[in-house]
Amino acid sequence: MVDDSMLNRALLADMIGDSFRIIEAEDGKQAVAQLQKEGTGISLVLLDYVMPHMNGFDVLDLMNKNGWIKDIPVIMVSAESDAAYVERAYELGVTDFINRPYDVNIVRRRVMNTLMLYQKQRTLMGMVADQVYEREKSNNLMVYILSHIVEFRNGESGMHVLNVQAMTEMILTHLVRLTDQYELTPEDISLISMASSLHDIGKIAIPEEILNKPGRFTDEEFEVMKTHSAVGADMLDDLELYKDEKLVRVARDICRWHHERYDGRGYPDGLSGDEIPISAQVVALADVYDALTSQRVYKPPFSHEEALRMIRDGECGSFNPLILQCLTEVAEELKSRLNRGVTGREINVDTLHVTDFAADAEASSRTLELLDYERMKYHFFASMSNEVQFEYTAEPSIIVLSDWGDRKLGLPEIIMDPYSDEAFLSVFGQANIDKLNKMLRATTPESPTVNMEMEVNVDGESRWLHLIAQALWSDENPPAYLGSIGKFIDIDDQQAQLRDLQFKAYHDPLTEVVNGAFARKVITERLGEDHGAERSDDRFVMLVCDLDLFKQANDNYGHQFGDKVLQHFAHLLQESVRTTDVVARVGGDEFLVCMECPPDPRPLVARIHGSLEGEVDGFPLSVSMGVATTDDGVRDYDELFRQADMALYHMKRSGRGGYVFYDDLSEEERGSLFEGGHTALSGIDSDDDDQ
């Protein structure tokens, strides 16, 4: 019931009574949103003409464009009585017209008459559709039986016919999406696919000893075998009463020319290129592929991958490059549909293509019941799965959220123009929506699915969602983007676990500063030694720090106290530098600091060292530090660390409780340290007091 007047909607609801579930819409946009959501679950639309945002005629235009008007009757209700309005309404497909003021009996009778009319129409169309389906099924069955007779005589199971038919349809369908070079309608594709079943009927005239010979043919035998294509065409030409039927003409072309090759080296007529009908070209490829992947009296089956390689490499003759491209692009689907083992290919006569009668006529009542049943299941599973499911249409721009989804996100179930809706954008963010829109429009009908993780705002809290969506494309050439369907899955708990695992992987569990491995990675990147980065203007200083006499803390107070000292020291280090500087634990009581520094880093190092002195519950903190800088052009992490480590060893050997710059060491001092092979992190703490 679509009317901007609440009073009018209430009057109509009272007149109709309680026999129906009534959905109300205040304007045309809301009406379209409900039609999008409910589909043929709506039995009738009572539609006003004069409304804000989108009037009644605009709604009818969209119902015609989307095909809804075929399945959902519309009664126009309006105070407008001008003949032009009424005529326009009927032209757009309305079933009836009711003028205000309303008469209760007229309203009830016209509503019931319209519903009964459509129900009878659906029933009749369902009966006709069923009859057409059965007739098409019987026709397919007869073609299959005839083809099976030929294949049976050839010692084969008959699956070859069905495989060629299915593959022909797949490649032709993909071909019309790929190019407009061949003007093929869906009806043409259906006809060619059916006619392909007759491609080898000429084999019925080939002697059995040649047809089923297990070895290679002699030249004479091969010449006899080659006659089957012309014989098949002649057999169809001899059908005087039916030779001008389109099916017979297409089948005749396929029979005669499905062994022609694109380079002109085929038979019987040596045609080349597009002199060969596209129907025969595609059947030729399907015939070769299935022959390669099937058991024959003269060979075992090749694998799907090997068959594709042989065809692409020209081992089976020359084929149209466009058709080979189609074969490549449908290869995975082809493998899943056909290659299920030599004897286990699951194809049933019911799967054969039948005329798409229902696509051009009103859906049958049985079909509508199935659609309603599927819609009921969809809503049930959406409410039970705790996933935010959605449907989006590009024109008009509407998104419909699942019942559970709108409650979780705090958004209405139907959102008009979500790209400019403040509430919708406040949850998902403009950047996320723009990125998603770009990804969906970058898909293709062959590859329509996108995956994306996004951070959203729900009730003021940040949460992570994983999106799986499928773009919807029209059947036009080129295809047009129609919208999308998909779901959002809450992965915030998984993200939290991932963040926790990452933190544990990169950090020391006791002090919560980063570990040595992660520090090495970050410092290497900052020094610019990887990827040829130019960082020569950046100055860095590295400090390697060691707690003096730390062993006494463990020995005199216990390891728990020792852990407390390490935690306190790590905290002091972090407090003494910037949050962007690297602070890491690289050994038992050894720590590393790396940061950008001014031209003279000595005041900075003195300040840091001074901030580390003190005590922890009576235990004095004494710190030795070795310092190295990049002033000498050192941009290698290992070399910078080695210099700072050697300076630390010199400091500890000289008395502890201070710091030494590697640059201040004489060549003699550096040499003695190097020759001794000792560093602060490789066992120099050999005296018991320090240990």
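Computation of the quantities below employed the complete heavy-atom set of this structure, encompassing side-chain atoms and omitting hydrogens, waters and symmetry-equivalent molecules. Positions are given from 1, in the same order as the sequence printed here.
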I would like to know whether H650 and R653 meet side chain to side chain contact (heavy atoms under 4.5 Å, CB included); could you show each step before the answer?
-> CA-CA 5 Å; H650 180 82; R653 193 172 63 176; 4.2 Å; yes

Is any side-chain heavy atom of [Y] closer than 4.5 Å to one of [X]?
X    : Y    : result
L592 : I523 : yes
E446 : E329 : no
R520 : D638 : yes
N320 : Y182 : yes
Y392 : I398 : no
M542 : V593 : no
K487 : V388 : no
L285 : Q281 : no

Determine, stepwise, if the pair I399 / L401 fulfils side chain to side chain contact (heavy atoms under 4.5 Å, CB included).
-> CA-CA 7 Å; I399 189 167; L401 301 174; 4.3 Å; yes

Any luck finding a side-chain donor-acceptor pair between [X] and [Y] under 3.5 Å?
X    : Y    : result
W473 : T443 : yes
N451 : H466 : yes
D434 : Q430 : yes

Across all chains, not counting sequence neighbours, the side chain to side chain donor-acceptor pair (under 3.5 Å) partners of Y419 are N437

For side chain to side chain contact (heavy atoms under 4.5 Å, CB included), just list the numbers for L334 and Y289, CA-CA rounded to whole Å, side-chain angles, deciding distance to a tenth of an Å, and then say yes or no.
-> CA-CA 10 Å; L334 188 67; Y289 171 85; 3.7 Å; yes

State which residues pass side-chain contact (heavy atoms from CB on, under 4.5 Å) with [X]; sequence neighbours excluded, sorted by chain then number.
X    : value
E512 : F503
K521 : E525
V288 : R261, L292, I311, C316, F319
A331 : H304, L308

Qualifying salt bridge (charged side-chain N to carboxylate O under 4.0 Å, His left out) pairs with a residue from [range], counting only residues at least two apart or across chains:
range            : value
residues 417-430 : none
residues 309-327 : E306-R309, R309-D313, R309-E315
residues 454-470 : R463-D490, R463-D492

Keeping [X] on the side-chain end and [Y] on the backbone end, is there a donor-acceptor pair under 3.5 Å?
X    : Y    : result
E669 : S666 : yes
N515 : A505 : yes
E590 : G588 : yes
T393 : E395 : no
S397 : A394 : no
S318 : G314 : no

Output, in order, the C-alpha distance, side-chain angles, deciding distance and verdict of side chain to side chain contact (heavy atoms under 4.5 Å, CB included) for L467 and F390.
-> CA-CA 11 Å; L467 165 74; F390 69 88; 3.6 Å; yes

Taking all heavy atoms of [X] and all of [Y], pick out the closest pair and write down the distance.
X    : Y    : value
P598 : L604 : CD-CD2, 4.2 Å
L510 : D563 : CD2-OD1, 3.7 Å
R635 : D538 : NH1-O, 3.0 Å
A553 : V565 : CB-CG2, 4.5 Å
A469 : L440 : CB-CD2, 4.0 Å
L409 : V427 : O-CG2, 3.9 Å

Which distance, rounded to the nearest 0.5 Å, do you find between the [atom1] of [X] and the [atom2] of [Y]?
X    : Y    : atom1 : atom2 : value
W464 : E453 : CH2   : CD    : 6.5 Å
M170 : L175 : CE    : CG    : 13.5 Å
F561 : N556 : CZ    : CG    : 9.5 Å
H559 : L566 : NE2   : CG    : 11.0 Å
C594 : R526 : SG    : CZ    : 7.5 Å
I608 : Y659 : CD1   : OH    : 10.5 Å

Less than 6.0 Å separating the ring centroids of F488 and F428?
->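 Centroid distance F488-F428: below 6.0 Å, so yes.
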
Any pair counted as side chain to side chain donor-acceptor pair (under 3.5 Å), so long as it reaches residues 574-586, sequence neighbours left out | D508-R585, R578-D581

Got a sec, which pairs hit side chain to side chain donor-acceptor pair (under 3.5 Å) with one end in residues 598-607, sequence neighbours left out?
->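 Qualifying pairs, neighbours excluded: R602-D664.
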
Can you list the residues that meet the ring-ring contact (aromatic ring centres under 6.0 Å, His included) rule with F661, with sequence neighbours excluded?
-> none

Which side-chain N or O atoms in residues 620-632 pair as donor and acceptor under 3.5 Å with protein atoms at least two apart or in another chain?
unit_1	atom_1	unit_2	atom_2	d
S622	OG	D548	OD2	2.7
S624	OG	D548	OD1	2.9
S624	OG	D548	OD2	3.1
S624	OG	G657	N	3.2
T629	OG1	D631	N	3.4
T629	OG1	D663	OD2	3.4
T630	OG1	F540	N	3.1
D631	OD1	R539	NH1	3.1
D631	OD1	R539	NH2	3.1
D631	OD2	R539	NH2	3.2

